[in-house]
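Letters A, B, ... mirror the listed sequences (proteins, then strands); counts begin at 1. Predicted model only: the values in this text are computed from it and were never measured.
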There are 2 protein chains.
Amino acid sequence: MARQPTSDAIARPGPPTAHDVARLAGVSQSAVSRSFTPGASVSEKTREKVLKTAKELGYRPNLIARSLITQRSNLIGVAIPHLGNPFYATLLEALSEDLAEHGYRAMLFPAPMSAFVDPLIEEMLSFRLGGLILVSSSLSSGLAEECLRIGLPVVQVNRVSSRGTVSTIVGDNRGGAAQVAEFLVAGGHERIAYMAGLEASSTNHDREEGFTECLARHGRSLSHRVVANYSAEQARDHARILLARPDRPDALFCANDHMAIAVLSVARAEFGLVPGRDISIVGFDDTRLSAMPEFSLTTFRQPVIEMARDAADVLHRMISAPDAEATRTVLPGELVIRGSARLPG
Amino acid sequence: MARQPTSDAIARPGPPTAHDVARLAGVSQSAVSRSFTPGASVSEKTREKVLKTAKELGYRPNLIARSLITQRSNLIGVAIPHLGNPFYATLLEALSEDLAEHGYRAMLFPAPMSAFVDPLIEEMLSFRLGGLILVSSSLSSGLAEECLRIGLPVVQVNRVSSRGTVSTIVGDNRGGAAQVAEFLVAGGHERIAYMAGLEASSTNHDREEGFTECLARHGRSLSHRVVANYSAEQARDHARILLARPDRPDALFCANDHMAIAVLSVARAEFGLVPGRDISIVGFDDTRLSAMPEFSLTTFRQPVIEMARDAADVLHRMISAPDAEATRTVLPGELVIRGSARLPG
DNA sequence: CTGAAAGCGCTAACAA
DNA sequence: TTGTTAGCGCTTTCAG
């Protein structure tokens, strides 16, 4: 591997630096830097010469060094829960593509869905990231303030926090859940149950509240309520118990599709129930699976793709305009009626 | 940008630096650095003092600056295709967790499954990443050599390349496919078809070869062959055509579960076929979906979790021992017999 | 064990 | 338009 220590271009290990290019091109090192900076002041001749020798040497600007001086990287930390839930898988994919379009890169932080992700963020901060996207998780108010203080833009997706210092993008959890309730009541169901997600989450809170409040407006209330923490496993377990009861619900609204599909599967395979006839099951999200004929899940669609795009856009805006206000976006969704729940009328 | 040359602890923007801590703790900046370096030579007293004031100030070492000098980051670039395929979603999740265990972080690069990912990698290289994990994609030989030259460890998962300069982790594609062929022949099928994935991929190549060679040993050959490029959509389209044929196959081996499930769904929903009775469908991977009663897909299991762990381990080893040889790992799998294919005998 | 000093590769004033 | 000069925040010799 040892290179010949020739006259000028001596062999150091590692990739070539701007200095190497400068020497070989007979210009100053700053000329090299400028040649790689979009709006910089360089003559076309110089830039060409530089770019040419850069290519010869295989030179690429060191982004680490760049962000050390510019005090910000184009790295965006993305905290996202369990990718086994297709909603998150889709969101992450869209997110990383949208970020890439703005010139950012996603740094992945697998995060539990639970309330706070402070320890994670602590680590993120050491990277001097350009921004943070928190999917279904929140910062403690302390950390949120620290982010604000050091000027680190944060956007939360699919979760709202009480503090107003971070931007949020959410679906219409409350309204969507109300539409589901409306639909279920109109369908003439007798015993309407709710399967909760993570109780500490704002999504669950809003969906449950929207659901039960609408029920209440019809003079109805929940026949059963179980908590499955957005986990498919727990959803299955609860389904086995719930469906075995003599007074089992004839309608079950699950706080997300991931659980709804697990429940639906158990209902059919283990209890011989026909969804949409013997029992109505409704989810929330409208993931890829839900549309398959095997599940044909009635659900409230969240516009994942738009949520991702909005998140990337908002973050980009915050990064570009450092003292912009935090924004709150609520994206509308729609009730998608399929076969898993009895129709009204 | 000009800062106020105030007395001592002036208010600068941005996070505190090692200097700030040093001044406040009454030690040198190097002492601060050492206090944060695991095996460094500092007295317990100094370290304590430093750590204490560091906490007060909310100081965290700047990893960007660190990796500028150490010439390597703990960032691992992960190129991975479509997360809509649960196999990849699971792999990515496991991967990022395993990497985290070694102290690395995953930088996400959404990559097409197609043969080469050179342009992507080009960009990765500017980040001076610590290593690269390529899932289902390859480097051109030119780039592979450049990585080798600059000492960047690369491991490919679920794909092998002709060049021996990068480490690879794959499942037993050939052997697995042969087992499927064996199983299908024993099941007494008349017209056995193959749905190919991406033709340029080594996985497809190996699976197809293993499958047809085993068939040949039994004096059999493919009745049909279609190419769906590992895409669920294309799989559906092909299924519609294939199943409408008068000489439609009575057995179809799909190069992965993602396609197999799409086919199965079409067969049942649109052609009224009962998988396992009217037609046998077999996949490859054994994703989470395949085990659901709705699909009950017979398939060859690839040990995703182990693949991820191995990839992280191998990469870690390569990073720690810079001149280690590239390794090739073939992980065994197993035929998982469920209901979607007729049983022998 | 500790501090001073020299950079890592780059950008950003500042002069020329 | 250019080159020169300082650093960005840190690690790492090198003296002491």
Nearest-angstrom distance from the residue atom CZ of B/Phe127 to P of C/dC10: 14 Å
Between the axis at one end of the helix from C/dC1-D/dG16 to C/dA16-D/dT1 and the axis at the other (five pairs apiece), what's the angle to 10 degrees? 40°
Select one nucleotide: of D/dC10, C/dG9, D/dT12, the one nearest the side-chain heavy atoms of B/Ala18. D/dC10
From CD1 of A/Ile64 over to C1' of C/dG9, roughly how many Å is that when rounded to an integer? 11 Å
Inspect the contact between A/Glu48 and A/Lys55 and indicate whether a charged nitrogen and a carboxylate oxygen are less than 4.0 angstrom apart. no
If only side-chain N and O atoms count, and only distance matters, is there a donor-acceptor pair under 3.5 Å linking B/Thr329 with B/Asp310? no
Round to a whole Å and report the spacing from NE2 of A/His19 to C1' of C/dC10. 11 Å
Return yes if some donor-acceptor pair links the side-chain N/O of A/Thr70 with the main-chain N/O of A/Arg66 below 3.5 Å, else return no. yes
Between B/Leu63 (CG) and D/dC8 (P), how many Å, whole number? 18 Å
Closest heavy-atom contact between A/Ala144 and A/Leu139? CA-CD2, 3.8 Å
What does nucleotides 1-6 of chain C look like as a protein-contact string, B for base, S for sugar-phosphate only, - for none, at under 4.0 angstrom between heavy atoms? BBBB--
Regarding B/Phe36, tell me which of base, sugar-phosphate or nothing describes its non-hydrogen contacts under 4.0 Å with the strands shown. nothing
Quick one: is A/Gln71 getting a side-chain N or O under 4.0 Å of the D/dG9 phosphate, OP1 or OP2? yes
Between C1' of D/dT5 and CD1 of A/Ile69, the distance in whole Å: 12 Å
Let me know the distance between CZ of B/Arg66 and C1' of D/dT12, rounded to the nearest Å. 13 Å
Which residue is it: B/Val160, B/Leu315, B/Val155? I am looking for the one with a side chain to side chain contact (heavy atoms under 4.5 Å, CB included) to B/Ile169. B/Val155
When the distance from CG of A/Asn74 to C1' of C/dC10 is rounded to whole Å, what number comes out? 15 Å
Expected list for residues 93-113 of chain B: side-chain donor-acceptor pairs under 3.5 angstrom, two or more places apart:
| residue | atom | partner | partner atom | Å |
| --- | --- | --- | --- | --- |
| B/Glu93 | OE1 | A/His82 | ND1 | 3.0 |
| B/Glu93 | OE2 | A/His82 | ND1 | 3.2 |
| B/Glu93 | OE2 | A/Leu83 | N | 3.2 |
| B/Ser96 | OG | B/Leu92 | O | 3.4 |
| B/Ser96 | OG | B/Glu93 | O | 3.1 |
| B/Asp98 | OD2 | B/Arg309 | N | 3.1 |
| B/His102 | NE2 | B/Asp313 | OD1 | 3.0 |
| B/Tyr104 | OH | B/His316 | ND1 | 2.9 |
| B/Arg105 | NE | A/Glu123 | OE1 | 3.2 |
| B/Arg105 | NE | A/Glu123 | OE2 | 3.0 |
| B/Arg105 | NH2 | A/Glu123 | OE1 | 2.6 |

Taking B/Glu56 first and then B/Lys52, would you say they form a salt bridge - that is, a charged N and a carboxylate O separated by under 4.0 Å? yes
Whole-Å gap separating P (D/dC10) and CG (B/Leu68): 12 Å
Whether the side chain of B/Ser137 engages the backbone of B/Leu134 through a donor-acceptor N/O pair (distance < 3.5 Å, no angle test) should be reported. no
The nucleotide from D/dT11, D/dG9, C/dC10 with an atom nearest the side chain of B/Asn62 is D/dG9
Using a 3.5 Å distance criterion without hydrogens, assess whether the side chain of A/Thr53 forms a donor-acceptor pair with backbone atoms of A/Lys49. yes
